[in-house]
2 protein chains.
Amino acid sequence: MFSQAAKYAIKSIIYIWTQSLEDRKVGVKEIASNIGAPEAFTAKILQNLSKANFIGSVKGPNGGFYSDESHAKVTLKDVIKLIDGDHLFSGCSLGLPKCSEKNPCPLHFEVVKVRKEIDIMLTSKSLKHLAVEVIKGLTQLNQI
Amino acid sequence: MFSQAAKYAIKSIIYIWTQSLEDRKVGVKEIASNIGAPEAFTAKILQNLSKANFIGSVKGPNGGFYSDESHAKVTLKDVIKLIDGDHLFSGCSLGLPKCSEKNPCPLHFEVVKVRKEIDIMLTSKSLKHLAVEVIKGLTQLNQI
DNA sequence: TATATTTCGGATAAATAAGTCTGTTATGTT
DNA sequence: AACATAACAGACTTATTTATCCGAAATATA
């Protein structure tokens, strides 16, 4: 469903939020090790997230990545769109160029229902909200 | 959502059914051109589908691919599992090794709902059924 | 039996995704 | 000012997916 890069992005942001809510900035090394991702690849992804303003970053000693209220409304959908593009949300699932309500492919109407559910999944809770659930112990990020 | 190969596989089988329901066997060339797919790649995919008994094939002159009652219960899910594996249906969507109801990742419960809808999409109608809808003009396969 | 046709099987090539490396820039500390 | 730390930027490598190619096997027809 998601690319590897998107999975790492999601886990990274949630992890950053859990730390930012306790006022801790975190570096690439800590993030990568906590989400079980390769360090260099994680760094690349974090740069993209930072450039898109989905997270904040500061260089230099005591620097690192963080999230604050300016990032509080970022959703999973925002992240997926940035990393994977929007093929999950729009366009014909069979790749037909003119698929539409009036010109539906064999899967069209079923795909509409699936996408509705996907949209709910990816927009109903912010990444901050997901991090709060992790902090409360309702869900888990690293399950070694 | 689906790999390119899986999309071609689905379109191929539906096309083959539309022709088999009129008692026509079809060759790779005809299939590929009708679904807008590269010929050689389509051939590879058709071989896999044939080996899995999702379609029938006969070699030689007047040969080609076909579907009959022995293939009537093949679903989209069968095809996706064969071509893409089952990552769409099972396993943690964030890649966590021990994600479960009791040990849920941040997306777990939402993913369950999405997968329920995906399962309905991929199992409620057989590929034969989808082909019948194309024949009836309710849906379309090639929209140039 | 020879030939044409068509699927089958495996090797190869091209494109994309995943992951690494190395040097640069910013910034806090001494 | 010099140094250490950490993000940034871009080139590079590796793996996987997508796609092609070519010869072998099967089979209908002449």
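Chain naming here is simple, since letters A, B, ... match the order of the sequence lines and numbering starts at 1 in each. Please read these numbers as outputs of a predicted model, since none were measured by experiment.
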Separation of D:dA9 C1' from A:Asn48 CG (nearest whole Å): 11 Å

Whole-Å gap separating P (C:dT12) and CZ (B:Phe41): 19 Å

Interatomic distance where NZ belongs to B:Lys29 and C1' belongs to C:dT5 [whole Å]: 10 Å

Salt bridge flag under 4.0 Å for residues A:Lys128 and A:Glu69: yes

N or O in side chain of A:Ser50 less than 4.0 angstrom from D:dC8 OP1/OP2: yes

Distance below 4.0 Å between A:Tyr8 side-chain N/O and C:dG19 OP1 or OP2: yes

Distance-only donor-acceptor test, B:Lys44 side-chain atoms vs C:dG10 base atoms, 3.5 Å: yes

Joint hydrophobic cluster, B:Leu130 plus B:Val132, side-chain heavy atoms closer than 4.5 Å: yes

Closest to the B:Lys59 side chain, choosing from C:dT6, C:dG28, D:dA19: C:dT6

Sugar-phosphate only, base, or nothing, as touched by B:Gln4 at under 4.0 Å among non-hydrogen atoms: sugar-phosphate

Separation of atom OH in A:Tyr66 from atom P in D:dA6, rounded to whole Å: 16 Å

Geometric cation-pi criterion, B:Lys77 with B:Phe89: 6.0 Å, 45°: yes

For atom CG of A:Asp84 and atom C1' of D:dT17, their distance in whole Å: 16 Å

5' precedence on DNA chain D between A:Ser57 and B:Glu39 (nearest-nucleotide basis): A:Ser57

Atom-pair distance (CZ on B:Phe65; P on C:dT6), nearest Å: 12 Å

Nearest-Å distance for atom pair CD1/P, residues A:Ile55 and D:dA7: 10 Å

Under 4.0 angstrom between A:Asn62 side-chain N/O and C:dT27 OP1 or OP2: no

Options D:dA9, D:dT20, D:dT18, nucleotide nearest the side-chain atoms of B:Ser3: D:dT18

d(CD1, B:Ile83; P, D:dT17) in whole Å: 12 Å

